[in-house]
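Working notes, beginning with the structure itself.
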Amino acid sequence: VERYEDYFKADRIMITLRNDRNEIIGFAGRSIVEQDKPKYLFTKRLDKKHLLYRLNHVKRKYSKDRKLQTLYIVEGIFDALRLEKNNQAAVAVLGSHLTQTQTSLIEEYVKSLDCAVTLCVFMDSDEAGLKGNYETIRNLWKRSALRKCNINVNVITSGEKDPDEYYSKRRKEENEG
């Protein structure tokens with residue numbers, strides 16, 4: 001008798017991962033139990049360095065007709081979703097920094113827009129996120145087409161661990177105030 005084990009296990013929110021052409025290429029499972037490690041599980045054999053989560057959505061929403069002004073580059077899935085909920089275009093690197101391959105995807109997209117875009121790097125506030133800011137900016141700056149963009153860095157200094165938590169706290173304060 002053959003047995004199957006659920007790779008993603010229970011108590012995870014399942015997220016569909018699509019490439020920039022909107023094709024499903026895998027899944028992510030985020031733990032909803034704080035102690036569970038790892039926090040995220042990804043489809044086996046998925047090479048995250050070739051994927052920018054939500055780039056497919058940004059491409060559909062913003063084109064030459066509807067101008068993109070700012071594109072946030074964040075670490076995690078829920079960071080990108082939180083920014084989107086706050087009417088900001090965002091892609092997630094699914095790691096601590098933007099890779100060369102991901103940088104190529106952004107460069108290709110920005111070139112297609114034919115307009116000035118601000119790239120805003122907004123990584124987590126831990127040590128990996130701070131190093132990720134540096135690596136991401138370095139990778140962006142290596143691309144001549146992206147040197148025309150304004151590149152900003154947001155650093156969380158108010159105690160929140162990531163953009164998701166930062167915007168959640170701001171929203172809660174707005175509702176209470």
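Any value given below was found using the heavy atoms of this structure, including those in side chains, with hydrogens, waters and symmetry copies removed. Predicted, not measured: the structure shown is a model, and the values here were computed from it.
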Under 3.5 Å donor-acceptor, S112 side chain and Y109 backbone: yes

List the atom pairs, with distances to 0.1 Å, where a side-chain N or O of residues 146-160 and a protein N or O form a donor-acceptor pair under 3.5 Å, not counting sequence neighbours.
from : atom 1 : to   : atom 2 : distance (Å)
R147 : NE     : W141 : O      : 2.8
R147 : NH2    : W141 : O      : 3.4
S158 : OG     : E160 : OE1    : 2.4
S158 : OG     : R170 : NH2    : 3.1
E160 : OE2    : K169 : NZ     : 3.2
E160 : OE2    : R170 : NH1    : 3.4

K61 atom NZ, neighbour heavy-atom count above 12 within 6.0 Å: yes

Co-membership, hydrophobic cluster, residues L51 and L105, 4.5 Å side-chain: no

Reported CG-to-NZ distance for the pair D124 and K131, which is rounded to 0.5 angstrom: 14.5 Å

Carboxylate-amine/guanidinium contact R138 E135, below 4.0 Å: yes

Partner residues of T99 under the side chain to side chain donor-acceptor pair (under 3.5 Å) criterion, sequence neighbours left out: Q102

side-chain contact (heavy atoms from CB on, under 4.5 Å) between L55 and I106, intermediate numbers included: CA-CA 8 Å; L55 181 59; I106 289 177; 5.6 Å; no

Parallel, tilted or perpendicular: rings of Y40 and F78 (30°, 60°): tilted

Ion pair K59/D20, N-O distance below 4.0 Å: yes

For the student: nearest non-hydrogen atoms of K48 and L94, plus distance: NZ-O, 3.3 Å

D47 (side chain) donor-acceptor with H50 (main chain) under 3.5 angstrom: no

Joint cluster assignment, V117 & V93, ILVMFWY side-chain distance < 4.5 Å: yes

Contacts of type salt bridge (charged side-chain N to carboxylate O under 4.0 Å, His left out), residue R143, not counting sequence neighbours: E107

Flag if over 12 foreign heavy atoms under 6.0 Å of CD, Q100: yes

Contact list for residues 72-83, test side-chain hydrogen bond (donor to acceptor under 3.5 Å, both in side chains), sequence neighbours left out: R82-D164, R82-S168

Qualifying residues under salt bridge (charged side-chain N to carboxylate O under 4.0 Å, His left out), relative to E23, sequence neighbours excluded: R21

Salt bridge (charged side-chain N to carboxylate O under 4.0 Å, His left out) involving K85 - partner list, sequence neighbours excluded: none

